[in-house]
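In each ligand, atom 1 is the first atom listed, and ligand 1 is the first ligand listed.
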Amino acid sequence: MLNCGYNGYHLSLLITNDTEIRELNRRYRNKDASTNVLSFPFREAIIDDPALGQQEIKELGDIVISIETAYNEANQLEQNVNTRLQWLITHGLLHLLGYDHERSEKEAERMYKKEEELLSKYIPSRRTTMPKLAINVDHVATIRQARGGKEPDPVSAAAICELAGASGIVVHLREDRRHIQDRDIYLLRETVKTKLNLEMGANKEIINIALDLQPDMVTLVPEKRQELTTEGGLDVIAERKKLAKAVKKFHAASIPVSMFVDPDPDQIQVAHDIGATFVEIHTGRYCDAMSEKDRNHEFSLVESAAEFAFNLGLVVNGGHGLDYQTTARIASLSTIDELSIGHAIISRAVFTGLETAVRDMQAIIAGAQIQAYY
Ligand code: PXP
């Protein structure tokens, strides 16, 4: 439940599932069916209250949205789920303000016109606080697999990262199971309290595991058996059909999808068009640049790609190769919502302990100035 306000006006927004919205629809509207959005105006409930006198009522009421139906509709309309949510919130808000398309054809036309007007004014709000830090604990599993035993356990590592302030845990379940194992992801699903992001290739076996696991989100990445680590972004253009099919499966299960992409607007556009909710922009080339000139060039590519994705309405994350030197500059971009960092933090943890390594990275992110305010 989110309480939102503007200019002294307030409303509550509840994002729920089909079962709960159906129950609310049945209880308060006598309709035993789930739906996409419900509006409960507050005004009518207190309009006769003599204690309020002439006072303007600034409590608008409640909007309830079923995220499951929002995903299904986004799938049918081949829309990004954020776009669908914008429409549902706008539609619900207009109902709170007294518009009602069910009243008459004329009223429906008035409401749809207002909807279009409000949606055309929508500007995604930029982050004004520090980006979130999601930590990839694959490398803890890499050390464990070197001996094939039980230590160190990525599940314990994830708990320490969360205690130190991480906002999410990322693990990559590779087809060859070189580090993270099936046992890890199922235990993490039970223990992670922030957000579990399952990184994965879009292959059938792993998709089925992800659908069973129900992580908080998935990040689709290219996967080659011979590579040491993920080497570049997805070719969303070339693999459009296969990736679109995977997105549909995840959306049918209400699992948001991120796509790991190079800082290339053409790739980002297609990721958006096939329904990704997030993109994670590959920062590897920026981090690996050997000269200042190259690094500045790579940074400007990340910066403009993040801007492009943000303006499409995508939630923009960044990651790969970020360390204690390269992170601050990326964290200063007001378009970036979250950074996904693994190797640098786990490497430092060998010397400082994991908690200190996480806190040191958090301090760098917190200290990065947001350079571009809207
Ligand atoms: N994001 C993605 C998509 C990745 O594949 C990886 C590596 O597993 C990371 C972020 C984290 O990269 P690093 O370990 O270099 O911080």
Side-chain angles (χ1 to χ4, degrees), residues 131-143 145 154 157-158 161 166-180 184-185 188 195-202 206 210 215 217-236 243 256-264 267-268 271 276-289 298 302 305-306 309 314-331 336-350 354 357-358 360-362 364-365:
K132 290 175 268 181
L133 172 61
I135 299 183
N136 180 316
V137 293
D138 293 352
H139 295 293
V140 177
T142 302
I143 301 172
Q145 295 311 107
C161 291
S167 319
I169 300 297
V170 188
V171 281
H172 185 172
L173 185 70
R174 282 184 169 266
E175 222 180 331
D176 63 12
R177 307 296 199 275
R178 68 174 71 160
H179 39 53
I180 292 294
D184 301 330
I185 58 168
L188 285 167
K195 188 181 68 182
L196 179 63
N197 179 352
L198 183 70
E199 209 181 295
M200 53 180 282
I206 307 286
M217 63 184 282
V218 294
T219 299
L220 299 178
V221 298
E223 194 176 302
K224 296 189 208 108
R225 287 212 174 219
Q226 297 77 15
E227 68 191 355
L228 282 176
T229 178
T230 315
E231 282 167 356
L234 282 166
D235 191 343
V236 193
L243 294 170
V257 178
S258 178
M259 291 189 190
F260 182 58
V261 288
D262 288 330
D264 173 348
Q267 296 286 349
I268 292 168
T277 306
F278 302 76
V279 279
E280 179 180 331
I281 297 183
H282 183 210
T283 50
R285 269 188 290 279
Y286 153 74
C287 296
D288 293 342
E298 293 298 338
V302 173
L314 290 159
V315 182
V316 189
N317 296 337
H320 212 281
L322 293 168
D323 62 19
Y324 293 82
Q325 283 73 44
T326 50
T327 295
R329 211 167 165 195
I330 300 292
I336 301 253
D337 189 64
E338 182 175 272
L339 298 172
S340 172
I341 308 181
H343 189 261
I345 293 176
I346 304 304
S347 303
R348 180 173 285 214
V350 172
L354 186 50
V358 174
D360 287 352
M361 187 56 88
Q362 293 271 30
I364 286 173
I365 295 174

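Using cut-offs of 30° and 60° on the angle between ring planes, the pair His282 and His320 is perpendicular.
Contacts between His172 and ligand 1 below 4.0 angstrom, taking non-hydrogen atoms only, are absent altogether. At a heavy-atom cutoff of 4.0 Å, ligand 1 is contacted by the side chain of Glu280 but not by its backbone.
Residue contacts with ligand 1: Gly319 is placed with no nitrogen or oxygen under 3.5 Å of a nitrogen or oxygen of the ligand (distance criterion only). Looking at Asn136 next to ligand 1, an N or O pair under 3.5 Å apart turns up. By the 3.5 Å distance cut-off applied to N or O atoms, Gly321 is counted among the residues near ligand 1. Polar contact with ligand 1: present for His343 (N/O pair, distance under 3.5 Å).
The side-chain heavy atoms of His343 and Arg348, taken from C-beta on, include no pair separated by under 4.5 Å. Residues Ile336 and Asn317 are not in side-chain contact: their nearest non-hydrogen atoms beyond the backbone lie 4.5 Å or more apart. Side chains of Asp262 and Gln267 form no contact here, defined as non-hydrogen atoms less than 4.5 Å apart.
A donor-acceptor contact shorter than 3.5 Å links the side chain of Glu223 to the backbone of Glu175. In this structure a side-chain-to-backbone donor-acceptor pair under 3.5 Å is missing from Thr277 to Pro256.
Using modelled atom types, one finds no donor on one side chain facing an acceptor on the other under 3.5 Å when comparing Ser340 with Asn136.
Within the listing of ligand 1, atoms 3 (C) sit less than 4.0 angstrom from a heavy atom of Val221.
At a 4.0 Å cut-off, at least one heavy atom of His139 sits close enough to ligand 1 to count as contact.
Taking all heavy atoms of Gly342, Gly318, Pro222 into account, the minimum distance to atom 16 (O) of ligand 1 is reached by Gly342.
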